[in-house]
Amino acid sequence: MQTETIPGGERREFLKQACTACLGGALGLVPALAGVAVYLDPLRRQADGGLLVRVTSLESLPADGTPVLFPIIATRTDAWNKAIAPVGAVYVRRAKADQVQVFNVTCPHAGCAVEYQAERSAYFCPCHNSLFSLEGKRSADSPSARDLDSLKHEIRTGGEVWVEFKNFETGKATKVAVS
Ligand code: FES
């Protein structure tokens, strides 16, 4: 059997070139991984915080405080798709001349949608009979462990009502935002 020996000088040159190639490859991975992170970033941003949506105007809400139901339609964008779809709904009512109350329609008990019943001046959940006052307070015999989920909102110039829409985990006594 015949073995080939590489002279010392050539071996050193070979090792030097091999190390240079490895280092170059590793450095090349850094921008590549950063690129992947940027590519996936829309998914991460979508999961953070609420969705700020212009829902209505103050002047179009009934002055007597009757709640009005509004669907929340949002453009959902992730790394691969862009689609317009309903993501939930809110009840908005005028609490004072320049103030509103906003509630997520999802019942905090187990996730059914509550409905406003004018004859009771209350929100009712038909699934297990939870009842919430106009201010969102649950009645003593309601199975829901917490009041209706109020949502942050702001009234901007011209009376536009903007809502920070979020969904919350159901079946809990405290509000925990679904991310
Ligand atoms: S889901 Fe509303 S009372 Fe159970």
Side-chain angles (χ1 to χ4, degrees), residues 40-179:
L40 294 176
D41 190 49
L43 288 176
R44 205 167 54 218
R45 266 186 274 136
Q46 190 76 22
D48 289 343
L51 188 68
L52 199 59
V53 186
R54 181 164 57 91
V55 172
T56 184
S57 66
L58 202 52
E59 66 180 10
S60 51
L61 294 169
D64 65 0
T66 301
V68 181
L69 180 66
F70 294 97
I72 301 294
I73 310 289
T75 304
R76 293 226 131 165
T77 306
D78 62 27
W80 301 279
N81 301 299
K82 185 172 188 176
I84 296 173
V87 292
V90 294
Y91 273 111
V92 184
R93 66 178 286 266
R94 202 191 271 239
K96 290 185 182 167
D98 58 350
Q99 285 178 21
V100 298
Q101 276 183 324
V102 184
F103 295 111
N104 191 318
V105 300
T106 302
C107 178
H109 178 232
C112 293
V114 299
E115 55 193 38
Y116 175 68
Q117 295 186 333
E119 66 278 13
R120 297 162 105 172
S121 285
Y123 302 96
F124 176 68
C125 179
C127 289
H128 312 100
N129 301 331
S130 276
L131 191 68
F132 305 90
S133 73
L134 207 49
E135 284 72 36
K137 300 277 177 226
R138 72 198 154 110
S139 65
D141 56 349
S142 290
S144 177
R146 65 174 189 265
D147 298 337
L148 275 184
D149 294 321
S150 58
L151 293 171
K152 287 184 185 171
H153 56 274
E154 59 188 64
I155 297 171
R156 294 187 180 175
T157 314
E160 292 178 348
V161 179
W162 286 75
V163 173
E164 189 180 316
F165 183 77
K166 283 182 183 177
N167 284 311
F168 300 90
E169 292 180 9
T170 58
K172 295 186 172 172
T174 53
K175 283 166 76 175
V176 178
V178 175
S179 58

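All ligand and atom numbering here is 1-based and tracks the order in the structure.
Using a cut-off of 2.8 Å, one finds that Cys125 contributes no N/O/S atom close to atom 4 (Fe) of ligand 1. Coordination check, His128 versus atom 2 (Fe) of ligand 1: failed, since every N/O/S atom of the residue sits at 2.8 Å or beyond.
Within ligand 1, counting atoms from 1 as listed, the ones closer than 4.0 Å to a heavy atom of Cys112 are 1 (S). In summary, the atoms of ligand 1 found under 4.0 Å from a heavy atom of His109, numbered by their order in the structure, are 1 (S), 2 (Fe), 3 (S), 4 (Fe). Residue Ala110 approaches ligand 1 through these ligand atoms, each under 4.0 Å from one of its heavy atoms: 1 (S). The atoms of ligand 1 that sit less than 4.0 Å from any heavy atom of Ser130 are 3 (S).
To the nearest 0.5 angstrom, Leu148 atom CG is 10.0 Å from Lys175 atom NZ. Taken from CG in Leu151 to CH2 in Trp162, the straight-line distance is 15.5 Å, to the nearest 0.5 Å.
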Legend entry - disulfide (SG to SG under 2.5 Å) evaluation trace for Cys127 with Cys112: CA-CA 7 Å; Cys127 289; Cys112 293; 1.9 Å; yes
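For the pair Arg93 and Tyr91, the cation-pi criterion (under 6.0 Å, within 45° of the ring axis) is not fulfilled.
Open room surrounds NZ on Lys137; 12 or fewer heavy atoms of other groups in view lie less than 6.0 Å from it.
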